[in-house]
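Written out below as structure tokens is the structure these notes cover.
Whatever order the structure lists ligands and atoms in, that order sets their numbers, starting from 1. The basis for the numbers below is simple: all heavy atoms, side chains too, and nothing from hydrogens, waters or symmetry mates.
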Amino acid sequence: MSKTLRIGLLGLGVVGGGVVQVLAKEKEKLQKQTGVAISIDKVLVRPGEDKSALAKKYGFVLTTDFEDIVTDTNLDIIIELIGKVHPAKEFIEKALQNGKHVVTANKDLIAQHGVALNQLAKENRVSLFYEASVAGGIPILRTLTNNYLADEITDVMGIVNGTTNYMLTKMFENQLSYQIALEQAQALGFAESDPTNDVDGIDAAYKMVILAQFAYGMDVSMSDLEIEGIRSLTKTDVQAAQALGYEIKLIGRAKKYGQGIAVSVGPTLVDKYHPIASIKNEFNGIFIESSGIHQSMFYGPGAGALPTATSVLSDVVAIAKNKYLGIEPPLFNHFKVDTTLASDLEQIDSYYIALKVNDLAKVQAIFTEQAINIKKEHQQSDGWFVICEPIAKATLKELTPKLSTYAKIERVMKVIGE
Ligand code: HSE
């Protein structure tokens, strides 16, 4: 008799609907390739939500009671697609405790409670997989955990939020205002229900916490990250960046400096010839530097029903393969070392500094005194925009008060592609 995996699905929104659709389309192929018949048997919807047409079409039962799913002994996997932390956390905990494998796309939850949830999965000898939580359709987490194990990663940087990349592309290329660009991103369905997390860099930060775990085996918490969104970017920033030969992207970065790492999210100047600059609109891209492979980039859709659903199902496939082979459920990410955060002295990067100057000669003299070499500069009325050679973050912090008598620092951003 062939093996089976029965799924209870929590949430039938955009991604949930995609999972139902993709599974129905690929069902036969999946059974042939994994040796396991996979079916969605029960779906949790909100009270009053009418999904009866979908239930009839795809042959599953609808319920509004989570208990109905978590206590159903016929179900092997719970796919959580309701998002946010509560009640998703409590649902997942109960599912794991009841011996069910869990697949989720919930980056908010995994970034904040992933360590404890992974431990719970291990104790209950079930799998907890979350490929779709980072960069939607790009298969980055399983690639890191498999293909980079024999490598040493030194830098993971990229665009992991589709909404802000869409907005910045429209602001750069079509001169759209911030507000119109945001409204378009919302209308196209890329933004979170409340876009605050997108534009303030929080959504990208959640994803970077997860990427750091897979790339370096280190658990950083959200409070360890420096996070800045795109809300305060101005036309002047965009024009100055372009004049210097750069684009502004919201970059998530987890970089190794010595033995420690620093994880950040912020608007960043990207050289217009760097591969990351080619990532436009809602697309995501993750650029990795490592000692073995050297440079690699993973590009694709970071959101959307079918890309995210396909990632969710890749986790179901992994569970099916393990079941077929009778393998003890593995942790998604085995790589774990002590977490070390890089100091301000160790963090050496190239910076863009935008200044409103009242005495340019004095300001230039301060740069010289501090031994900060300027690589590129642009002047526009009382604005002086410079890109400096790599300096320690500690040096940058010392520079700020020294400049304040002769200039106002309007903005500081890291630079990629130096
Ligand atoms: N709001 C997110 C984004 C969706 O724009 O990337 C995918 O996590």
Side-chain angles (χ1 to χ4, degrees), residues 11 13-19 22 79-85 88 103-112 114 129-141 156-171 176 178-212 214 222 225 227-231 233 248-253 265-268 276 279-287 298-315:
V14 175
V15 180
V19 168
V22 177
I79 299 180
E80 182 274 311
L81 296 173
I82 52 178
K84 301 280 173 239
V85 175
V103 171
T104 176
N106 194 328
K107 63 251 166 173
D108 308 35
L109 178 63
I110 295 297
Q112 296 176 89
F129 291 155
Y130 36 92
E131 179 64 67
S133 64
V134 176
I138 306 177
I140 187 67
L141 297 183
V156 178
M157 59 185 168
I159 294 165
V160 289
N161 180 267
T163 301
T164 43
N165 200 44
Y166 178 87
M167 291 172 66
L168 290 173
T169 305
K170 296 296 170 197
M171 287 161 72
L176 289 194
Y178 175 94
Q179 195 51 40
I180 301 285
L182 174 58
E183 281 164 19
Q184 284 193 359
Q186 284 178 296
L188 288 163
F190 307 139
E192 301 295 300
S193 45
D194 171 3
T196 308
N197 278 5
D198 292 303
V199 297
D200 286 341
I202 311 289
D203 176 82
Y206 288 144
K207 293 164 182 168
M208 293 314 299
V209 167
I210 302 170
L211 280 174
F214 280 70
M222 287 292 281
L225 271 69
I227 306 168
E228 194 191 333
I230 64 163
R231 235 181 244 274
L233 279 180
I248 300 176
K249 297 280 189 191
L250 184 71
I251 297 292
R253 194 165 191 184
V265 172
T268 303
I276 292 177
I279 301 163
K280 309 277 184 192
N281 296 314
E282 74 276 20
F283 281 87
N284 282 196
I286 295 153
F287 188 89
F298 299 86
Y299 168 86
L306 298 187
T308 313
T310 309
S311 264
V312 166
L313 286 167
S314 76
D315 286 341

Option nearest atom 3 (C) of ligand 1 (shortest heavy-atom distance, choices N161, N165, T308): N161
Sole candidate of I248, T164, V199 that passes side chain to side chain contact (heavy atoms under 4.5 Å, CB included) when paired with L233: I248
T163 backbone acceptor or donor facing N161 side chain under 3.5 Å: yes
Ligand 1 versus D198: contacting region, heavy-atom distance under 4.0 Å: side chain
Heavy-atom donor-acceptor pair, D194 side chain to T196 backbone, under 3.5 Å: yes
Sub-4.0 Å atoms of ligand 1 with respect to non-hydrogen atoms of E192: 1 (N), 2 (C), 4 (C)
Options G137, G162, A132, ranked by nearest heavy atom to atom 6 (O) of ligand 1, top entry: G162
Contact with ligand 1 for G302, non-hydrogen, under 4.0 angstrom: yes
N/O donor-acceptor pair under 3.5 Å between N197 side chain and D203 backbone: no
N/O separation below 3.5 Å, F190 to ligand 1: yes
Numbering as shown, the atoms of ligand 1 that approach T163 to under 4.0 Å (heavy-atom distance): 1 (N), 3 (C), 5 (O)
Single hit among N284, V209, I210 for side chain to side chain contact (heavy atoms under 4.5 Å, CB included) with V134: I210
Distance filter under 4.0 Å to K107 heavy atoms, resulting ligand 1 atoms: 4 (C), 7 (C), 8 (O)
Part of E282 with heavy atoms under 4.0 Å of ligand 1, whether side chain, backbone, both or neither: neither
Contact (N/O only, under 3.5 Å) between K207 and ligand 1: yes
Side-chain (K207) to main-chain (V160) donor-acceptor, under 3.5 angstrom: yes
Test item: Q112 side-chain N/O and D108 main-chain N/O as donor-acceptor pair under 3.5 Å: yes
